[in-house]
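The structure appears right after this line, and notes come after that.
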Amino acid sequence: MNIQYNTQLQPYNSFRTKATARIFCAPQTSEELAEILKHFSQEKKLILGAGFNLFFTKDYDGLIIRPAMRGIRVVSETDNEVVIEAGAAEDWDTFVGYCVSKGFSGLENLSLIPGSVGASPVQNIGAYGTEVRDRIIKVNAVDVRTGGMREFTNEECEFAYRDSIFKITCGFVITAVIFRLDKSFQYKEKYIDLSRELEGVSSPTLAQVRDAIIRIRTRKLPDYRVLPNAGSFFKNPVLSQLEKDTLQKKLADLPVYNVGENKFKTSAAFLIEKAGYKGKRHGMVGTYEHHALIIVNYGTENGKEIAGFMQEIQQEVFLQFGVKLEPEVWIF
Ligand code: EPU
């Protein structure tokens with residue numbers, strides 16, 4: 001059992017804020033994790049992936065668990081499909097790159113999303129018309145309360161937009177994720193940005209789609225190693241018909257997508273930009289010049305400054321447009 005005390009968390013969150021964990025562990029197997037959970041049963045606990053979707057505003061007075069289970073293996077295959085398992089600590093984009101290099105399709109639209117495989121189901125990562133839930137068939141996890149192992153089917157994961165059972169309960173540590181991928185590939189138009197990038201390519205291959213997505217993301221999103229950030233900071237809000245109609249009177253070019261009965265998803269980035277907050281900087285925190293939805297850290301180690309800037313954006317967008325922006329990023 002490898003346990004550390006008073007561990008600095010700055011390397012473990014992509015905003016690079018400073019805070020310590022009273023107890024910290026990075027178990028490499030489910031058995032080691034179960035032992036740790038038994039030993040520290042009374043402690044408050046937090047599960048950390050690669051730390052790309054959270055930051056700290058204060059020290060953590062409990063046990064932080066950073067799963068370190070590795071390995072990628074093909075579980076089974078037919079002529080058309082492959083079932084592939086990846087350990088929670090595998091780097092997400094390296095895994096996607098591996099699948100693409102083998103000709104396994106289904107995850108290519110999720111190229112270059114920072115983070116670990118184990119974090120992918122937690123917030124049901126999504127981009128360019130694909131969500132990871134479309135490809136997950138099973139999630140292996142350990143129950144934080146009992147240390148027992150548990151398998152979740154896709155349905156049991158209760159996936160929704162940037163949401164799952166793992167986010168709601170925080171009661172399970174994901175140890176591995178099992179995906180079903182296709183052995184063939186046919187490009188389908190799903191997202192305008194991607195189609196534009198692929199214009200002129202008659203029938204894009206799997207590798208060409210991955211490359212196109214890497215190009216779009218590199219252009220639009222800041223590199224966390226240069227400008228620390230946590231990707232999209234807010235969720236895209238969902239409006240009712242009435243809210244949408246009212247807002248469109250103010251903002252005629254508001255992007256809206258019908259996502260259910262009386263439900264219209266709009267763009268948080270658009271609202272932030274219209275509120276005058278694209279590329280705005282206060283002290284050491286700001287929004288990215290090429291994408292209003294990304295909060296970037298210009299050099300503070302204090303998470304409270306980031307949280308303060310977040311509140312300022314929320315207040316301004318609410319004041320101007322009556323929409324409450326909800327953070328997608330977790331704040332501790
Ligand atoms: N827009 C602006 N100003 C900006 C940026 C965008 O007005 O500065 C508007 C444009 O109208 C644009 C629309 O917002 O067409 C959508 O922008 P984008 O395609 O970049 O997508 P997004 O809704 O801002 C979502 C995900 C991203 C994902 C992209 C691509 C959420 C919260 N974010 O962003 O995910 O990469 O779609 O599919 O759903 C993440 O979760 O960390 C993340 C980066």
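Counting starts at 1 for both ligands and their atoms, in listed order.
- Protein heavy atoms come within 4.0 Å of atom 13 (C) of ligand 1.
- Under the 6.0 Å distance and 45° angle rule, Lys265 does not count as a cation-pi partner of Tyr257.
- The nearest protein atom to atom 23 (O) of ligand 1, hydrogens excluded, is given as Asn236 ND2, 2.8 Å; this is a heavy-atom distance.
- Not one N or O of Gly129 is nearer than 3.5 Å to an N or O of ligand 1, by distance alone.
- Short contacts between ligand 1 and Gly231, defined as distances under 4.0 Å to a heavy atom of the residue, involve ligand atoms 42 (O).
- The proximity of His291 to ligand 1, defined as any non-hydrogen pair under 4.0 Å, involves the side chain as well as the backbone.
- For atom 43 (C) of ligand 1, the closest non-hydrogen atom of the protein is Ser232 OG, 2.9 Å.
- Of the listed residues (His290, Glu197, His291), just one forms a side-chain hydrogen bond (donor to acceptor under 3.5 Å, both in side chains) with Arg219, and that residue is Glu197.
- Atom CG of Asn13 sits about 8.0 Å away from atom CG of Leu48, to the nearest 0.5 Å.
- Atoms OG and CD1, on Ser41 and Ile36 in that order, are 13.0 Å from each other to the nearest 0.5 Å.
- Ranking the protein heavy atoms by distance from atom 6 (C) of ligand 1 puts Ala269 CB, 3.5 Å first.
- With ligand atoms numbered from 1 in the order given, ligand 1 contributes 18 (P), 19 (O), 20 (O) to contacts under 4.0 Å with heavy atoms of Lys220.
- Under a 4.0 Å criterion applied to the non-hydrogen atoms of Leu293, ligand 1 contributes the atoms 24 (O).
- Judged by distance alone, with hydrogens and angles left aside, the side-chain atoms of Ser14 form no donor-acceptor pair with the main-chain N or O of Tyr224 at under 3.5 Å.
- Against a heavy-atom cut-off of under 4.0 Å, Pro255 is close to the following atoms of ligand 1: 11 (O).
- Residue-ligand proximity, Phe234 to ligand 1, at heavy-atom distances under 4.0 Å covers atoms 32 (C).
- Between Gln320 and Glu316, the side chains place a donor N or O and an acceptor N or O closer than 3.5 Å (distance only, hydrogens not considered).
- Under a 4.5 Å side-chain heavy-atom cut-off, the cluster of Ile, Leu, Val, Met, Phe, Trp and Tyr residues that includes Ile294 is completed by Leu221, Leu227, Met284, Tyr288, Val296, Tyr298.
- Phe270 CA, 3.2 Å is the protein heavy atom nearest to atom 7 (O) of ligand 1.
- Atom 3 (N) of ligand 1 lies below 4.0 Å from at least one non-hydrogen atom of the protein.
- Under a 4.5 Å side-chain heavy-atom criterion applied to ILVMFWY residues, the cluster that includes Val238 comprises Val259 as well.
- Under the 3.5 Å distance criterion, with hydrogens and angles disregarded, a donor-acceptor pair is assigned to the side chains of Thr130 and Lys190.
- Counted by atom type alone, Tyr277 and Glu312 present one or more donor-acceptor pairs between their side chains at under 3.5 Å.
- When distances from atom 9 (C) of ligand 1 to the protein are checked, a heavy atom turns up under 4.0 Å.
- Scanning all protein heavy atoms for the shortest distance to atom 37 (O) of ligand 1 gives Tyr191 OH, 3.7 Å.
- Closest to atom 15 (O) of ligand 1 among all protein heavy atoms lies Tyr257 OH, 4.7 Å.
- In this structure, of Glu131, Glu328, Lys265, Lys274, the residue bringing a heavy atom nearest to atom 41 (O) of ligand 1 is Glu328.
- In the vicinity of Ala292, heavy-atom distances shorter than 4.0 Å reach the ligand 1 atoms 4 (C), 8 (O).
- Gln123 does not count as a contact of ligand 1, since none of its heavy atoms falls under 4.0 Å from the ligand.
- Nearest to atom 26 (C) of ligand 1 among the protein's heavy atoms is Arg162 NH2, 3.3 Å.
- Those atoms of ligand 1 with a heavy atom of Lys278 less than 4.0 angstrom away are 4 (C), 8 (O).
- Using bins of under 30°, 30° to 60° and over 60° for the plane-to-plane angle, the ring pair Phe166/Phe152 lands in the perpendicular bin.
- Glu131 and Asn124 are linked by a side-chain donor-acceptor pair at a separation below 3.5 angstrom, with hydrogens and angles left out of the test.
- Among all protein heavy atoms, the one lying closest to atom 38 (O) of ligand 1 is Tyr128 N, 2.7 Å.
- We find the CG-CZ distance between Leu9 and Arg66 to be 10.0 Å, quoted to the nearest 0.5 Å.
- Ligand 1 has at least one atom lying under 4.0 Å from a heavy atom of Arg217.
- At a cut-off of 3.5 Å, with distance as the only test, no side-chain donor of Gln8 or Thr20 sits close to an acceptor on the other residue.
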Report task. Could you walk me through whether Thr287 and Phe233 pass side chain to side chain contact (heavy atoms under 4.5 Å, CB included), step by step? Result -> CA-CA 10 Å; Thr287 50; Phe233 198 97; over 6 Å; no
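- In the vicinity of Tyr161, heavy-atom distances shorter than 4.0 Å reach the ligand 1 atoms 31 (C), 32 (C), 39 (O).
- Checked by distance only, ligand 1 and Lys235 stay at 3.5 Å or farther apart across all their nitrogen or oxygen atoms.
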